[in-house]
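Read the structure below first, then the notes.
Note that the coordinates shown come from a computational prediction; the quantities given were computed from them, not determined experimentally. So you know, we letter chains A, B, ... as the sequences are listed, proteins then strands, and number each from 1.
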Amino acid sequence: GENVEQHPSTLSVQEGDSAVIKCTYSDSASNYFPWYKQELGKGPQLIIDIRSNVGEKKDQRIAVTLNKTAKHFSLHITETQPEDSAVYFCAASKNAGKSTFGDGTTLTVKP
Amino acid sequence: NAGVTQTPKFQVLKTGQSMTLQCAQDMNHEYMSWYRQDPGMGLRLIHYSVGAGITDQGEVPNGYNVSRSTTEDFPLRLLSAAPSQTSVYFCASSYSRESPLHFGNGTRLTVT
């Protein structure tokens with residue numbers, strides 16, 4: 001089955017700096033790669049996603065890049081703010097109902 | 001439009017007891033799934049469904065049963081609770097294979 005590795009497990013940045021989280025996947029048939037943000041006591045919420053026919057996608061301060069050959073994808077957050085502090089999960093799937101998640105990255109943005 | 005609703009929010013069980021975690025969505029999504037989240041680990045898939053009457057096992061199905069009699073509801077049954085099932089359980093739904101998951105706010109289960 002699919003295996004997703006996510007790094008780093010914790011990340012601390014100063015407000016205004018950039019944050020990068022990286023994931024690798026094992027199944028070359030995976031074609032959908034979402035990123036979720038989870039705040040304390042809540043379920044994960046989608047922040048951005050990318051499909052296998054696209055190399056990069058941007059939404060304001062958030063961007064995701066995908067390298068299908070190397071089987072890795074990354075989340076980039078620029079101009080970080082304290083409200084970006086949360087746990088971030090990457091996922092890979094061929095079927096959204098059967099996504100495989102990374103172990104999560106706890107991002108702390110220090111004011 | 002409530003999205004995905006999970007009940008209860010918290011539950012404490014004794015070893016050997018059974019219970020059902022409820023999940024309902026009002027978005028007319030065909031795909032529904034159950035994940036468990038343990039400290040320091042990502043979400044692991046327990047069971048999923050691609051439509052009413054169709055269910056399949058995920059990565060960690062042992063000790064859990066599901067059924068999907070309607071599009072809206074996808075209950076998760078614990079047959080005989082064990083301490084290893086202490087976890088936070090999330091139900092999710094999605095519109096299609098390549099659509100994002102919409103999660104409920106979870107049920108925190110403790111088995112003593």
Side-chain angles (χ1 to χ4, degrees), chain A residues 1-10 21-27 29-54 57 59 62 64 66 75 86-106, chain B residues 2-7 9-10 21 23 25 27 29-52 54-61 66 68 71 74 87-108:
Chain A
E2 176 66 277
N3 182 50
V4 176
E5 293 191 359
Q6 181 173 345
H7 299 281
S9 57
T10 61
I21 303 170
K22 299 182 179 182
C23 288
T24 60
Y25 62 99
S26 61
D27 188 347
S30 289
N31 56 10
Y32 178 64
F33 307 93
W35 286 89
Y36 296 89
K37 176 183 181 182
Q38 186 179 29
E39 296 176 339
L40 203 60
K42 296 192 174 182
Q45 280 196 301
L46 179 81
I47 53 171
I48 196 165
D49 58 5
I50 191 166
R51 290 169 175 77
S52 59
N53 58 348
V54 176
K57 183 176 178 181
D59 182 3
I62 296 173
V64 58
L66 171 65
L75 177 71
V87 180
Y88 291 82
F89 291 98
C90 63
S93 74
K94 295 175 283 194
N95 171 348
K98 200 178 176 184
S99 297
T100 301
F101 285 78
D103 286 346
T105 297
T106 301
Chain B
V4 178
T5 302
Q6 290 185 240
T7 56
K9 287 184 169 43
F10 301 94
L21 280 63
C23 175
Q25 52 94 6
M27 297 172 283
H29 286 171
E30 289 296 325
Y31 292 76
M32 294 188 75
S33 48
W34 277 100
Y35 290 84
R36 60 177 287 173
Q37 183 176 32
D38 300 297
M41 301 179 73
L43 294 99
R44 291 183 293 167
L45 181 65
I46 305 171
H47 285 285
Y48 69 102
S49 169
V50 299
I54 306 169
T55 63
D56 204 349
Q57 295 182 348
E59 182 186 351
V60 288
V66 292
R68 184 97 180 270
T71 299
F74 191 42
S87 189
V88 181
Y89 291 84
F90 288 99
C91 178
S93 72
S94 62
Y95 175 72
S96 70
R97 287 180 180 273
E98 289 188 9
S99 299
L101 294 170
H102 296 256
F103 285 89
N105 280 329
T107 294
R108 185 174 294 274

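- No more than 12 heavy atoms of other residues, nucleotides or ligands shown are found within 6.0 angstrom of CG on A:Leu40.
- Counting heavy atoms from C-beta on, the side chains of B:Pro100 and A:Tyr36 come closer than 4.5 Å.
- Note: B:Leu101 CG to A:Phe89 CZ = 13.0 Å, rounded to the nearest 0.5 Å.
- Counting heavy atoms from C-beta outward, B:Leu45 and A:Ser99 have side chains that stay 4.5 Å or more apart.
- Once rounded to the nearest 0.5 Å, the distance linking CZ of B:Arg44 with OG1 of A:Thr100 reads 12.0 Å.
- Across all non-hydrogen atoms, the minimal contact from A:Asp103 to B:Gly42 is OD1-N, 3.3 Å.
- Chain B forms the most heavy-atom pairs under 4.5 Å with one residue out of A:Gly104, A:Pro44, A:Gly43, and that residue is A:Pro44.
- For A:Gln38, the part sitting under 4.5 Å from any heavy atom of chain B is the side chain, from C-beta outward, and nothing else.
- Looking only at side-chain heavy atoms (C-beta outward), B:Phe103 and A:Leu46 stay at 4.5 Å or farther from each other.
- Neither the backbone nor the side chain of A:Pro34 comes within less than 4.5 Å of any heavy atom of chain B.
- With a 4.5 angstrom heavy-atom cutoff, B:Gln37 touches chain A only via side-chain atoms.
- To the nearest 0.5 angstrom, B:Glu59 atom CD is 11.0 Å from A:Glu2 atom CD.
- Side chain of B:Asn105 to main chain of A:Lys42: no donor-acceptor pair is present (N/O by atom type, distance under 3.5 Å, no hydrogens or angles).
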